[in-house]
Amino acid sequence: MEPADRRRVVERHLEETVTAEELEELLAERDDPSVYIGYAPTGEMHIGHYTTIRKLVDFQRAGLSVTVLIADLHAYLDDEKTPWDLLDARSRYYQRTIETMVEATGGDPRAIRFERGSDFELEPPYTMDLYRLVGETTTRRAQRAGSEVVRQRDDPRLGGLLYTLMQSLDVAALDVDIAYGGIDQRGIYMLARETLPTLGYDKPICLFAPLLSGLEGGKMSASEAGSSVRLTDDRDAIVDKLNDAYCPAGSTEDNGILEYLKYLVFPTLMDRGQAFVIERPAEYGGDVVYEDYESLEVDFINEDLHPQDLKNAAAAAIAELIAPIRERTFEDPDVLEAAYPEQYG
RNA sequence: CCGCCCUUAGCUCAGCCUGGCAGAGCAGCCGACUGUAGAUCGGCUUGUCCCCCGUUCAAAUCGGGGAGGGCGGACCA
């Protein structure tokens with residue numbers, strides 16, 4: 001792949017690159033730079049995870065070596081989102097589901113290096129570095145860096161502060177060039193860029209993915225079922241959720257459905273060389289076919305495309321995308337049941 | 001280690017003093033209006049009153065014990 005193409009594939013569908021100059025230089029100098037993303041194995045995986053994992057395949061295509069960190073300790077440190085006893089079961093569920101998503105996207109899961117946080121976060125030099133950061137970082141700085149990631153509450157536990165410092169050190173410990181994550185991770189990685197050089201490590205280049213809006217308007221909430229499509233949702237559940245979704249005619253703001261199309265459906269269809277077909281009753285203008293997201297958005301903004309027609313077609317397309325992942329998950333439900341015994345046990 | 005405060009609907013809380021059908025707001029659900037949703041309007045639902053024991057005809061409410069959480073004090077080799 002040509003350097004210019006490489007960069008285009010790496011950066012497409014992203015929210016921000018820090019910094020573009022550093023990335024350009026890295027891709028010019030190195031044949032196989034490395035990138036990592038970390039997931040704390042907490043709640044069930046959803047469509048937002050899918051969009052970030054889709055990107056991993058882009059990275060592979062561009063010749064980057066990809067590491068996925070299953071940040072088990074983080075899942076516990078963030079207000080005990082995952083109880084101590086479930087860390088292992090949820091880590092297994094996350095890794096397996098991520099592999100499934102990569103495969104469904106056309107990538108190679110075996111080419112991904114999976115690391116478990118507790119395998120390297122409990123011994124020197126990691127722990128020595130952690131104590132140095134604990135000594136150097138103010139509580140306010142750590143709190144601010146993690147405020148978009150760590151659960152906010154009255155009387156927060158110390159874990160939330162350690163969380164941000166550990167995530168900074170993960171970048172160094174995994175020895176990667178690029179840190180990739182949702183834009184909510186920005187505060188933490190900016191802290192990492194600031195502090196890692198003081199410990200003698202390189203500062204990472206950062207790639208940030210957009211966060212999908214919730215289907216009910218505003219931010220997506222992992223705790224509200226109707227707020228996002230889950231990877232265990234069947235076709236009927238997806239149709240219901242999209243029908244109930246906030247979707248004002250002509251507006252792209254807080255419009256989760258359009259974002260699903262932009263970041264998940266269209267990229268997938270374009271990979272396959274397919275178009276997006278919206279079936280529509282003749283009285284409303286008949287079927288329409290879109291080759292790219294931009295032309296669909298133009299029609300929607302001009303109100304030439306009605307939300308109900310959009311919802312119907314989007315639900316069908318998303319259900320089709322989710323189906324292989326859902327099927328694989330339920331092929332051996334033990335993994336899911338062990339991870340979420342309250343829901344599936 | 002000591003003292004004080006808190007625990008009631010999914011959430012925030014009122015009710016406790018002075019025992020008498022367990023409440024409000026928000027959220028949620030259902031309709032109306034929209035070729036979707038939201039907004040608006042109309043209606044509806046929601047409970048281990050933290051746990052145990054006691055007093056009483058009757059306990060969210062009073063008494064005792066316990067658990068969890070918060071605040072403060074003391075200690076600072």
Side-chain angles (χ1 to χ4, degrees), chain A residues 42-44 46-48 76-86 135 139-140 143 147-148 150-163 211-230 233-266 276-290 293 295-322 340-344:
Chain A
T42 54
E44 249 188 82
H46 49 68
I47 198 165
Y76 176 76
L77 290 174
D78 186 2
D79 200 36
E80 287 186 279
K81 278 180 182 170
T82 294
W84 190 259
D85 291 342
L86 289 178
T139 54
R140 276 183 210 286
Q143 143 65 25
S147 62
E148 293 295 319
V150 173
R151 179 180 285 164
Q152 304 293 301
R153 49 168 283 179
D154 291 339
D155 308 310
R157 301 179 202 284
L158 285 174
L161 301 178
L162 274 187
Y163 184 115
L211 294 190
L212 300 181
S213 294
L215 288 177
E216 294 167 326
K219 287 186 178 180
M220 192 177 104
S221 165
S223 55
E224 289 173 43
S227 153
S228 69
V229 169
R230 292 180 195 225
D233 285 344
D234 61 17
R235 188 192 169 85
D236 288 347
I238 293 170
V239 168
D240 286 347
K241 281 184 182 181
L242 263 63
N243 261 331
D244 289 347
Y246 174 77
C247 188
S251 171
T252 60
E253 197 173 339
D254 289 332
N255 192 321
I257 292 179
L258 287 179
E259 293 172 19
Y260 285 14
L261 291 172
K262 181 175 183 178
Y263 295 111
L264 194 63
V265 173
F266 272 97
F276 184 60
V277 180
I278 295 184
E279 294 179 4
R280 192 165 58 176
E283 66 172 305
Y284 297 128
D287 297 356
V288 234
V289 178
Y290 292 101
Y293 171 77
S295 52
L296 178 147
E297 190 182 274
V298 167
D299 274 6
F300 188 77
I301 289 173
N302 293 333
E303 300 191 27
D304 291 328
L305 176 58
H306 189 274
Q308 185 64 68
D309 299 319
L310 178 75
K311 284 181 171 183
N312 294 344
I318 290 161
E320 195 189 323
L321 282 183
I322 300 292
Y340 305 99
E342 300 286 318
Q343 288 80 6
Y344 298 98

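Each chain gets a letter, A, B and so on, in the order its sequence line appears, and its residues count up from 1.
Partners of A:T82 under the side chain to side chain donor-acceptor pair (under 3.5 Å) rule, at least two apart in sequence or in another chain, are A:R90. Residues that satisfy the ring pair (Phe, Tyr, Trp, His ring centres under 6.0 Å) test with A:Y290, not counting sequence neighbours, are absent from this structure. The ring pair (Phe, Tyr, Trp, His ring centres under 6.0 Å) search around A:H306 returns none, not counting sequence neighbours. Residues forming a side-chain contact (heavy atoms from CB on, under 4.5 Å) with A:D254 (at least two apart in sequence, or on another chain): A:S213, A:Y246.
Taking the P atom of each, B:U48 and B:A22 are spaced 14 Å apart, rounded to whole Å. Here, B:C6 and B:C13 have their C1' atoms 12 Å apart, quoted to the whole Å. Taking atom P on both B:G69 and B:A74, the two are 24 Å apart, rounded to the nearest angstrom. Atom name P, nucleotides B:G28 and B:G23: the rounded distance is 23 Å, in whole Å. B:G64 and B:C26 have their P atoms separated by 39 Å, with the value rounded to a whole Å. Going from the P atom of B:C2 to that of B:G47 covers 40 Å, rounded to whole Å.
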Could you encode protein contacts along nucleotides 43-48 of chain B as a string, one character per nucleotide from 5' to 3', using B for base contact, S for sugar-phosphate-only contact and - for no contact, with a heavy-atom cut-off of under 4.0 Å? ------

Readout for nucleotides 28-37 of chain B: B = base within 4.0 Å of protein heavy atom, S = sugar-phosphate only, - = neither; 5' to 3' it is -------BBB

So A:I257 and A:I318, side chain to side chain contact (heavy atoms under 4.5 Å, CB included) or not? Walk me through it. CA-CA 10 Å; A:I257 292 179; A:I318 290 161; 6.0 Å; no

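Pair check for B:G20 finds B:C57; Watson-Crick or G-U wobble, both atom distances under 3.5 Å. B:C44 and B:G28 make up a base pair, with Watson-Crick or G-U wobble contacts both under 3.5 Å. Remark: B:U34 base-pairs with no nucleotide; criterion is Watson-Crick or G-U wobble with both hydrogen-bond distances under 3.5 Å. The partner of B:C50 is B:G66, judged by Watson-Crick or G-U wobble contacts that both fall below 3.5 Å. Nucleotide B:C75 forms no Watson-Crick or G-U wobble pair with any nucleotide shown, as no partner meets the under 3.5 Å limit on both distances.
When the shell of 6.0 Å around CZ of A:R140 is examined, it contains 12 or fewer heavy atoms from other residues, nucleotides or ligands.
Judged by distance alone, the side chain of A:K81 and the main-chain N or O of A:V150 form no donor-acceptor pair under 3.5 Å.
A:L162 places none of its side-chain heavy atoms less than 4.5 Å from the side chain of A:L158.
In this structure, A:K219 NZ and A:L212 CG are separated by 13.5 Å, a value rounded to the nearest 0.5 Å.
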